[in-house]
Amino acid sequence: MQTSYPPLIVMGVSGSGKSTIGEALGQKLGMPFIDGDDLHPRANKEKMAAGHPLNDEDRAPWLEIIADRIGAELAEGTSIIVACSALKRSYRELLIAHAPSVVFVHLVGTQKVIAERQSHRHHEYMPNSLLDSQFATLEDLASDERGILVDLTQTPDQMVSYIITTLDENFVDHQ
Ligand SMILES: Nc1ncnc2c1ncn2[C@@H]1O[C@H](COP(=O)(O)OP(=O)(O)OP(=O)(O)O)[C@@H](O)[C@H]1O
Ligand SMILES: O=C(O)[C@H](O)[C@@H](O)[C@H](O)[C@H](O)CO
């Protein structure tokens, strides 16, 4: 039996575990993983590093780059996994414009737990002080969006297993 997974966007606020889980999921499913953090225009990285949250205009070109990449890979027959905050519904709609089969995997947790994790890590450009604005901007997945909610207090292995089981049950063509 061959299983074909749709493109996946691992979403959530800064420090929710997108890179960790996206990479582990990619290894487990044999799908390429791309970290959206690496695709930000330099001006965006500099703005965040200076302690200022991005606005809709800042995020638009970055989301376009990610959407184009997902669409281009899909056109070649490859489903990829991307880590991308995708905080607002309007961003998610832009992201799926060229690839409606995308499934969003939202890593859900409290600000307290995420702030604690962030306090133990160093990030190339993202200061921990921006976590308030990340939560203020976040719009949870609505019931009519193609998505999975994952409790981020589990271990990465547990999260990856849960994501795969839920994908298999709800979003996968088994041929
Ligand atoms: N399930 C988990 N349990 C414990 N620690 C975790 C888990 N997932 C991630 N972490 C840790 O939390 C921190 C943030 O994880 P990660 O960098 O993957 O998040 P992120 O959402 O990609 O962050 P950013 O968007 O800011 O780059 C890291 O130190 C990582 O090792
Ligand atoms: O939409 C945003 O505000 C940004 O993408 C941020 O979420 C960071 O790039 C990323 O998460 C790194 O911490």
Side-chain angles (χ1 to χ4, degrees), residues 8-29 31-70 80-96 102-141 145 147-166:
L8 306 174
I9 294 181
V10 184
M11 61 167 278
V13 297
S14 170
S16 56
K18 302 181 296 291
S19 310
T20 305
I21 302 305
E23 188 153 0
L25 197 54
Q27 279 177 12
K28 192 88 179 176
L29 294 178
M31 291 167 66
F33 169 70
I34 293 173
D35 199 331
D37 276 4
D38 301 332
L39 300 177
H40 272 295
R42 186 195 296 193
N44 282 1
K45 292 187 184 179
E46 287 174 356
K47 186 170 181 179
M48 289 185 271
H52 305 294
L54 302 182
N55 58 33
D56 291 353
E57 289 70 34
D58 298 322
R59 290 188 179 108
W62 171 63
L63 295 167
E64 292 284 356
I65 291 168
I66 294 175
D68 283 352
R69 181 70 182 268
I70 294 171
I80 61 173
I81 301 174
V82 184
C84 169
S85 46
L87 297 175
K88 291 189 185 182
R89 180 167 188 153
S90 61
Y91 303 165
R92 297 190 288 271
E93 285 170 354
L94 193 157
L95 285 164
I96 61 175
V102 164
V103 175
F104 292 96
V105 178
H106 184 191
L107 310 185
V108 181
T110 64
Q111 189 163 345
K112 188 164 177 249
V113 169
I114 295 171
E116 154 67 15
R117 285 186 189 168
Q118 282 188 332
S119 69
H120 298 294
R121 67 133 191 206
H122 170 75
H123 193 278
E124 180 199 346
Y125 56 79
M126 189 75 175
N128 298 347
S129 58
L130 288 181
L131 190 57
D132 280 344
S133 87
Q134 291 273 300
F135 270 94
T137 307
L138 176 66
E139 294 171 3
D140 287 335
L141 283 170
E145 292 183 272
I148 300 175
L149 306 183
V150 189
D151 171 5
L152 61 72
T153 62
Q154 303 172 91
T155 66
D157 278 352
Q158 288 172 324
M159 293 169 73
V160 166
S161 296
Y162 175 78
I163 293 165
I164 293 173
T165 302
T166 310

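Here the structure is a predicted model, which means the values were calculated and not measured. All ligand and atom numbering here is 1-based and tracks the order in the structure.
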**Asked** In the protein, which heavy atom is nearest to atom 22 (O) of ligand 1, and how far is it?
**Response** S19 OG, 2.6 Å
**Message:** Tell me whether G12 reaches ligand 1 (any heavy atom closer than 4.0 angstrom to a ligand atom).
**Reply:** no
**Prompt:** Looking only at non-hydrogen atoms, which of M126, K18, Q118, R121 approaches atom 26 (O) of ligand 1 most closely?
**Reply:** R121
**Prompt:** Does D37 approach ligand 1 within less than 4.0 angstrom via side chain, backbone, both or neither, non-hydrogen atoms only?
**Reply:** side chain
**Item:** Closest protein heavy atom (residue, atom, distance) for atom 9 (C) of ligand 1
**Value:** T20 OG1, 3.5 Å
**Message:** Within the structure, is a non-hydrogen atom of Y91 found at a distance of less than 4.0 Å from ligand 2?
**Reply:** no
**Close approach, G15 and ligand 1, non-hydrogen under 4.0 angstrom** = yes
**Request:** Mind checking whether L152 contacts ligand 1 via backbone (N, CA, C, O), side chain (CB onward), both or neither, at a 4.0 Å heavy-atom cut-off?
**Result:** backbone
**Message:** Counting only nitrogen or oxygen atoms and a 3.5 angstrom limit, does I21 reach ligand 1?
**Reply:** no
**Prompt:** Under a 4.0 Å heavy-atom limit, does M159 contact ligand 1 with its side chain, its backbone, both, or neither?
**Reply:** side chain
**Asked** Should one rank H120, E124, Q154 by closest heavy-atom distance to atom 1 (N) of ligand 1, which comes out on top?
**Response** Q154
**Fill in**
Among non-hydrogen protein atoms, atom 10 (C) of ligand 2 lies closest to D37 OD1, 3.1 Å
**Asked** If you measure from the Lys or Arg side-chain nitrogens to the Asp or Glu carboxylate oxygens, is any gap between K88 and D56 under 4.0 Å?
**Response** yes
**Item:** Nearest protein heavy atom with distance in Å, relative to atom 8 (N) of ligand 1
**Value:** R117 NH1, 3.9 Å
**Request:** Starting from the C-alpha separation in whole Å, work towards a yes-or-no answer on side chain to side chain donor-acceptor pair (under 3.5 Å) for D132 and Q111.
**Result:** CA-CA 8 Å; D132 280 344; Q111 189 163 345; 2.6 Å; yes
**Item:** Sub-4.0 Å atoms of ligand 2 with respect to non-hydrogen atoms of S14
**Value:** 11 (O), 13 (O)
